Structures are given as C-alpha cells and as structure tokens.
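Okay, so here's the structure we're looking at.
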Amino acid sequence: MPSKPPSPVTKALTALDHRIEAAVGHDIDQLWEHRDRELLDEPGSRLVDAHRALVKAETSVTFFRGLLNRLSSGEFPVDKALFERIDRTVGQLEDAAADRDLCQSQVVAALEPIEAARRNKFPHDAPELSASDLAALLAFAQGAKLHEHLLTQRLSVVTASGARVPHGQLQRLEEAGLVVRDTSHPVHAGQPVTLTDTGRALLAAPRSAKPPATAPAARPGAWPAPSRSRR
C-alpha cells in the first residue's frame, strides 16, 4: 500500500479559492494560466505560487484521509499489521494537515496586500460603467481575443462564450486602462485580451444601486443588445 500521495492531476479545491477569485477577478484556472504565461505582476505571481503549494498540501490531506478511511473500512483483517498501518497513516495525516495549515497561512499573507490594494484603489462605490462596458469587462474576465478578419480586415473581439465585442469598445476600455492586449501574438492569430489590475478591481468593487441610464439604441448586430423596457 503506498504511503505517499500521487502527484495531483487536477487542482484540489481549497478554502481560499473563492476569496482569491474575488480579489483578482479571475477564476483559479485562468490565474494559473496567466502565471505560466508570465502575465502576472510580482504580487500575483507570489499568490499563485503559494496557492499551488496549498493545492499540493490539500491533495496530500485528502489522500491520507482516504487511506485512513480504507484501513478502517473492514477490508483488512484486524491484526498487528493493521494497527501499525493505521498508526503510521494517522501520523502522515497529521503532518499533511500541519503542512496544509502552513501553506494556507502563506496564501493569506500573499493575498492580503492584493485585497488591500483593491480596497484602497476603490474605497467607495466604483465609477459607473455603461451596461455595455460592464458586460464587456465581465466577458473579458472569462477570456477573449482580438481577431482580424482575413478578407475584410475588420477587427473585433471574440469572447470565450463566442460573443463579439466591437473593436471601438475595446479601444475605449484600453484607453481607460481597464484592459490590455497581448501584442506578442499577431492579430490574425488572435491577441489575448485580459483585464488590468484596475479593471479587475473596478469589476470586483461594490457598485451603487442607482438605476441605469437609458442606453442608446444599438446598431443591428451590436453586442450586447440593450434590453428594451416593457410598457
């Protein structure tokens, strides 16, 4: 019976995942991907590295807990060898839990400055965005690319959901410092569009409950289409 957990293939859930996602404006998968592509700043990179260590530690806890459950399930004869296995596994589980707690504290230490920076940047209600711009930022947070049509040379952003955002709207959000393009990729192949720290903080900041202003009529095919008020 193995006494060491296998290398994790998928990321284990941790108690801090939702808090991390709320602070950075990305889900965990995107955050890890951005780290691998060296798109994060130093605080973000430090957070991902600490989170990866926490995931590994959490996987070890899960492994030894499952092993202990199996040893006590009645599958094995109750003898001296079983007691030795249980005693050894309990010790390994205790060590794994202690390592998990240490890794969790390191994640919190890396996360708190990011949370503080977000609060300081937008201590009150975030500036109002139009419904269209807010929808675009939400879509970009899930992944998007700027593409150039090979025949017409028209530029548009295609989001992970398949929706298209006009190039002019992307330019407006870029000028506001809310999004950035990865220009290391050619436009015809697709330039990844991601939220900046300012864009993520703006998206995650509390918003006022003011009624939205009347949206201008959109051109046919524009995205997203404004909702029509019912009479």
Side-chain angles (χ1 to χ4, degrees), residues 18 20-41 44 48 114 117-119 121-231:
H18 292 304
I20 292 172
E21 290 175 346
V24 302
H26 291 299
D27 62 34
I28 297 299
D29 289 334
Q30 289 176 317
L31 195 59
W32 281 37
E33 180 183 349
H34 289 173
R35 177 66 176 104
D36 292 337
R37 296 172 57 193
E38 299 182 352
L39 298 178
L40 299 178
D41 55 14
V48 173
I114 295 176
R118 179 173 65 87
R119 287 193 298 268
K121 198 169 190 65
F122 296 103
H124 306 295
D125 285 354
E128 290 298 323
L129 288 175
S130 69
S132 177
D133 287 344
L134 179 58
L137 284 181
L138 289 169
F140 292 164
Q142 302 303 316
K145 288 185 177 182
L146 175 66
H147 287 274
E148 180 183 53
H149 194 283
L150 292 177
L151 297 179
T152 65
Q153 280 75 53
R154 293 186 63 182
L155 296 171
S156 64
V157 182
V158 180
T159 69
S161 64
R164 292 184 179 272
V165 180
H167 181 230
Q169 187 171 18
L170 170 65
Q171 290 179 309
R172 184 168 65 252
L173 295 173
E174 278 188 303
E175 291 171 358
L178 301 179
V179 298
V180 64
R181 288 179 293 119
D182 184 356
T183 56
S184 64
H185 297 263
V187 180
H188 63 80
Q191 291 183 344
V193 177
T194 57
L195 270 63
T196 62
D197 291 340
T198 301
R200 288 191 293 270
L202 179 59
L203 199 58
R207 308 192 65 79
S208 67
K210 296 178 182 178
T214 303
R219 299 187 305 275
W223 183 92
S227 58
R228 297 185 178 180
S229 58
R230 295 182 179 179
R231 296 182 179 179

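Small disclaimer: the values here were computed from a predicted structure and weren't measured. All values below come from the heavy atoms of this structure, side chains included, with hydrogens, waters and symmetry mates left out.
- For Arg164 against Ser156, the heavy-atom pair with the smallest separation is NH1-OG, 3.1 Å.
- Partner of His185 under the side-chain contact (heavy atoms from CB on, under 4.5 Å) criterion, chosen from Thr183, Asp182, Val187: Asp182.
- Minimum interatomic distance between Ala139 and Thr159 (heavy atoms only, all atoms of both residues): CB-CG2, 3.6 Å.
- Side-chain contact between Glu21 and Ile28 is present, with at least one heavy-atom pair separated by less than 4.5 Å.
- Here the CG atom belonging to Asp133 is positioned 5.0 Å from the CG atom belonging to Leu173, to the nearest 0.5 angstrom.
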Step by step, work out the side-chain contact (heavy atoms from CB on, under 4.5 Å) result for Val180 and Val193. CA-CA 6 Å; Val180 64; Val193 177; over 6 Å; no
Apply side-chain contact (heavy atoms from CB on, under 4.5 Å) to the pair Arg172 and Leu178, showing each step before the final yes or no. CA-CA 9 Å; Arg172 184 168 65 252; Leu178 301 179; over 6 Å; no
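- The minimum heavy-atom distance between Ala141 and Leu195, with the atom names listed, is N-CD1, 3.6 Å.
- In terms of heavy-atom proximity, Pro192 sits nearest to Arg37 at CG-NH2, 3.3 Å.
- Between Leu40 atom CG and Leu31 atom CG the span is 5.5 Å, to the nearest 0.5 Å.
- Considering all non-hydrogen atoms of both residues, Ala136 and Val165 come closest at CB-CG1, 4.3 Å.
- For the atom pair CZ of Phe140 and OG1 of Thr196, the computed distance is 12.0 Å after rounding to the nearest 0.5 Å.
- Between Glu174 and Arg181 a salt bridge is recorded (basic side-chain N to carboxylate O distance below 4.0 Å).
- When all heavy atoms of Leu155 and His167 are compared, the closest pair comes out as O-CB, 3.3 Å.
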Show, in sequence, the C-alpha distance, side-chain angles and deciding distance for Val179 and Thr194, and conclude whether the side-chain contact (heavy atoms from CB on, under 4.5 Å) test is met. CA-CA 6 Å; Val179 298; Thr194 57; over 6 Å; no
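- Remark: the Gln169 side chain and the Ser132 side chain contain an N/O donor-acceptor pair separated by less than 3.5 Å.
- Within the 4.5 Å cutoff, no side-chain heavy atoms of Val24 are placed close to those of Gln30.
- Between Leu39 atom CG and Ser184 atom OG the span is 8.0 Å, to the nearest 0.5 Å.
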